[in-house]
Amino acid sequence: MNQIRTILTTLAVALFMPCAAQTVQMPSDAITLKSPGDVLQMQFAVVDGVPFYSLRRQSADVLLPSRLGFQLFDRRSLDAGFVLKASSTSTFDETWKPVWGEEAEIRNHYNELFVTLEQPQPANDGQNARQPAVMQVRFRLYDDGLGFRYEFPMKNDLTYFNIKEELTEFALTGDHLAWWIPGDYSTQEFNPTESHLSEVRNLSAAPRRRGGWPNTGFSPTGVQTALQMKTAEGLYINIHEAAVLNYPTTNLNLDDKKFVLSTHLTPDAEGVKGRMQAPCHTPWRSVMVCPSATEVLASRLVLNLNDPCVLDDTSWIHPVKYMGVWWEMITGKSEWSYTNDYPSVQLGKTDYRNSKPHGRHGANTANVKRYIDFAAANGFDGILIEGWNEGWEDWYGHQKDFVFDFITPYPDFDLPELNRYAHEHGIRLIMHHETSSSTLNYERWMEQAYTLMNKYGYNAVKSGYVGKIIPYGDYHYSQPTINHYHYAITEAARHHIMVNAHEAVRPTGLCRTWPNMIGNESAMGTEFRGTIQPGHTTIFPFTRLQGGPMDYTPGIFETDMSVTAPGTTGRMHHTLCNQLGLYVTFYSPLQMAADLPENYARFMDAFQFIKDVAVDWDRSLYLEAEPGAYIITARHPKLSTLNKSAESTAILADAKKDMVTNAARFVYALPDDATAADLRQASPRDVWYVGGITDENAREVRVKLDFLKPGMKYEATIYADAPDADYETNPQAYTITRKTVTSKTVLKLRMARAGGFAVSLRSEK
Ligand code: NOJ
Ligand code: CA
């Protein structure tokens, strides 16, 4: 009886369900495309008027037939009634050189399938014949993944149209293990969760309770891109987006019965999910498929799907290693604001000069000079100063439109003098533009703000988007807000300014096209302190960092917050050596040493690694990795950019001319007082850095140094968790060992719970 009922139910579901992906078989005349090395194969077909694609890796299904299309407002949707009009294939193979990156050269090799679909339209009022709606899909198949996007040519019944939803599906083959954060229209500041897909529904509320604000979820099974998954057979599948421009960012909504993920776009304030004007195209949808976790880290699929660099001159763009008047505000040791006199500020009217300072303002001239002295003495490139400008007394939580002007310093921040002082010491100041999410206000002031930066010699800005977006009702990841972030990047490029945006949309490889986009936060970074769980940083290189570097702000040596900011409480969950390992395992051309100078001063021997490490690479090797568990990476510095920040500072009229960064001193084996002239005469050594990080499990690892030049001797400096180190009980216990090694050496290293290690390797000659 039960069996009969089950059969009847199944039949009913099959008969009355809308065309679900798994019920569709690819027809025998489906178009097949193979990747250049015949590793991946995809198929495309129109089945009963609906376009479908599928993906395999060798003999394993990766995606079952998955639907394509759109629901539209005010006209017939692009969800049925299609005929295939044309298809063509081509091959592309190029090797390009990123301005900065994890390697000097990237190969972009794919086979392409381009299909043209037409949806005939009924004649207007039974009279005038209409053109068909034309939707094209461009598929690019690589050996490590698939990218595809929709295109809408000019000759089309669709000219202006508004998207209600994109209907792209990713029909998975089962209940994969996944590393995910909850789907959201406004924030990515969540702890990542490791679980099977079937568990997302029950687990998605917890990260919301301790994540960023504002959070705007839409479904208990919504997750964000990049979504990393692993099949029971050990295949790593990663779904992301590439080149998101003039279009909303998508979430993925999971059908946790059928294991089908569908695009769920971020709406604008009126609920529209994309205002399109042909000719136009969507961003790329990307599906990376790799047989190992280390190959996921090595994949450049998302970057390759982006357009080449559009900037003619990139000579002004350089890697940046920086410190900042920042952690002291984050921890509560000091404040961004200047006075308690004004709970309500009116910029231009509020009289700060005659107000009573509360005495806890971090961005005061004397304190900034202290940071400049420390950073210069240790060979850094820049200092970020937050809270330098008027408006912080009521910046947060009021949805205030005119919240900052980005040009007026507080009375105790001497902007011209501090820039002069910094330049004299070979340092650049990094500008800070917190917008409080009033993109409207930022655009009003942007030209003046960037012009002020140019006038004084700032060439990098950290921007921020805390709070709800103004224009009111809009979201962080909608089409209009995406357009705002992009406007900021292109205007900054016009002013030769590099941008590091916090709380902006997660990156989708656009740094290939606009390499002045040197950083993004767009995930739960170090500022969340005790909320960050062990294992957190072993996930991001697979997810958040797939679209571009993260300003994670590592380097917190003091995990007991009451030491850094007396009167506060809380602990962070890592060892000191774990933080060192992050400089190698997390790629970013913009790296911060985020702790306070006085905390570093207590551990100068361990701080030496942060001083010595480079931040831009010509080779990267992912030695061992597993998301949510551990990562071991080795990197080789790129000589052409090693001292570029110092050179770009030296061209300023008031700057110290002979500045050398400490990383350059390390690679060229120069003494601490070496000058640029010494550097020009010196020969570089062969240098590698190796970093490791682990989750809540201690681990012993063996690192084979077989990537070193055979026959050459290297001095290895090994910064490792001490045998009794532990993130909860003894996070600052480390050992530093120096020894001579060769390409035959195997290092045996132990990482404590939530620990790690870092190794610098420099050839003897
Ligand atoms: C949030 C950013 O992520 C953080 O780095 C910054 O200090 C604050 N906003 C204030 O702008
Ligand atoms: Ca943030």
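Order of listing sets the numbers, starting from 1, for every ligand and every atom in it. In this chain, residues are counted from 1 in sequence order.
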Measure the CG-CZ distance between Asn215 and Arg208 for me, rounded to the nearest 0.5 Å.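 Here the interatomic distance stands at 4.5 Å.
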Can you tell me how far CD1 of Ile539 sits from CE of Met524, rounded to the nearest 0.5 angstrom?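 The distance works out to 12.0 Å.
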Identify, by atom number and element, the atoms of ligand 1 in contact range of [X], meaning under 4.0 Å from any of its heavy atoms.
{"X": "Val466", "value": "1 (C), 9 (N)"}
{"X": "Glu521", "value": "3 (O)"}
{"X": "His502", "value": "2 (C), 3 (O), 5 (O)"}

Protein contact to [atom] [nearest heavy atom, distance to 0.1 Å]:
{"atom": "atom 1 (C) of ligand 1", "value": "Glu503 OE2, 2.8 Å"}
{"atom": "atom 4 (C) of ligand 1", "value": "Glu527 OE1, 2.9 Å"}
{"atom": "atom 11 (O) of ligand 1", "value": "Glu434 OE1, 2.6 Å"}
{"atom": "atom 6 (C) of ligand 1", "value": "Glu386 OE1, 3.4 Å"}

Taking only residues two or more places apart in sequence, or in another chain, which ones meet Tyr475 in a side-chain hydrogen bond (donor to acceptor under 3.5 Å, both in side chains)?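 Checked Tyr475 against side-chain hydrogen bond (donor to acceptor under 3.5 Å, both in side chains); zero matches.
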Applying side-chain hydrogen bond (donor to acceptor under 3.5 Å, both in side chains), can you list everything that pairs with Thr538, at least two apart in sequence or on another chain? none
Evaluation steps, salt bridge (charged side-chain N to carboxylate O under 4.0 Å, His left out), between Arg370 and Glu598: CA-CA 10 Å; Arg370 185 173 72 90; Glu598 51 269 43; 3.0 Å; yes
Which one holds for Trp392 and ligand 1: side chain close, backbone close, both close, or neither close, with close meaning a heavy atom under 4.0 Å? side chain
With a heavy-atom distance limit of 4.0 Å, tell me whether His432 approaches ligand 1 through its side chain, its backbone, both, or neither.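 His432 to ligand 1: side-chain contact only, backbone stays beyond 4.0 Å.
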So is Tyr396 touching ligand 1 or not, going by heavy atoms under 4.0 Å?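 No heavy atom of Tyr396 comes that close to ligand 1.
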Quick one: does Lys462 get a heavy atom under 4.0 Å from ligand 1?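 Distance cut 4.0 Å: Lys462 passes for ligand 1.
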Within 45° of the six-membered ring axis of Phe607 and under 6.0 Å from that ring's centre, is NZ or CZ of Arg602 located there? no
Could you pull out the N/O/S protein atoms under 3.0 Å of the Ca ion (ligand 2), ignoring any water? Glu189 OE2, Glu503 OE2, Glu521 OE1, Glu521 OE2, Glu527 OE2
Do Asp412 and His361 have side-chain N/O donor and acceptor atoms under 3.5 Å apart? yes
Pairs of donor and acceptor atoms involving the side chains of residues 340-347, under 3.5 Å and at least two apart or interchain, shall be tabulated with distances.
| residue | atom | partner | partner atom | Å |
| --- | --- | --- | --- | --- |
| Asp341 | OD2 | Lys356 | N | 2.8 |
| Tyr342 | OH | Asp351 | O | 2.9 |

Are more than 12 heavy atoms, taken from residues, nucleotides or ligands other than Lys468, located less than 6.0 Å from that residue's NZ atom?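 Open: at most 12 neighbouring heavy atoms sit under 6.0 Å from NZ of Lys468.
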May I ask you to check whether over 12 heavy atoms, not counting those of Lys369, lie within 6.0 Å of atom NZ?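 Yes, enclosed.
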Might you work through the side chain to side chain contact (heavy atoms under 4.5 Å, CB included) test for Tyr450 and Leu452, ending with a clear yes or no? CA-CA 5 Å; Tyr450 288 165; Leu452 178 96; over 6 Å; no
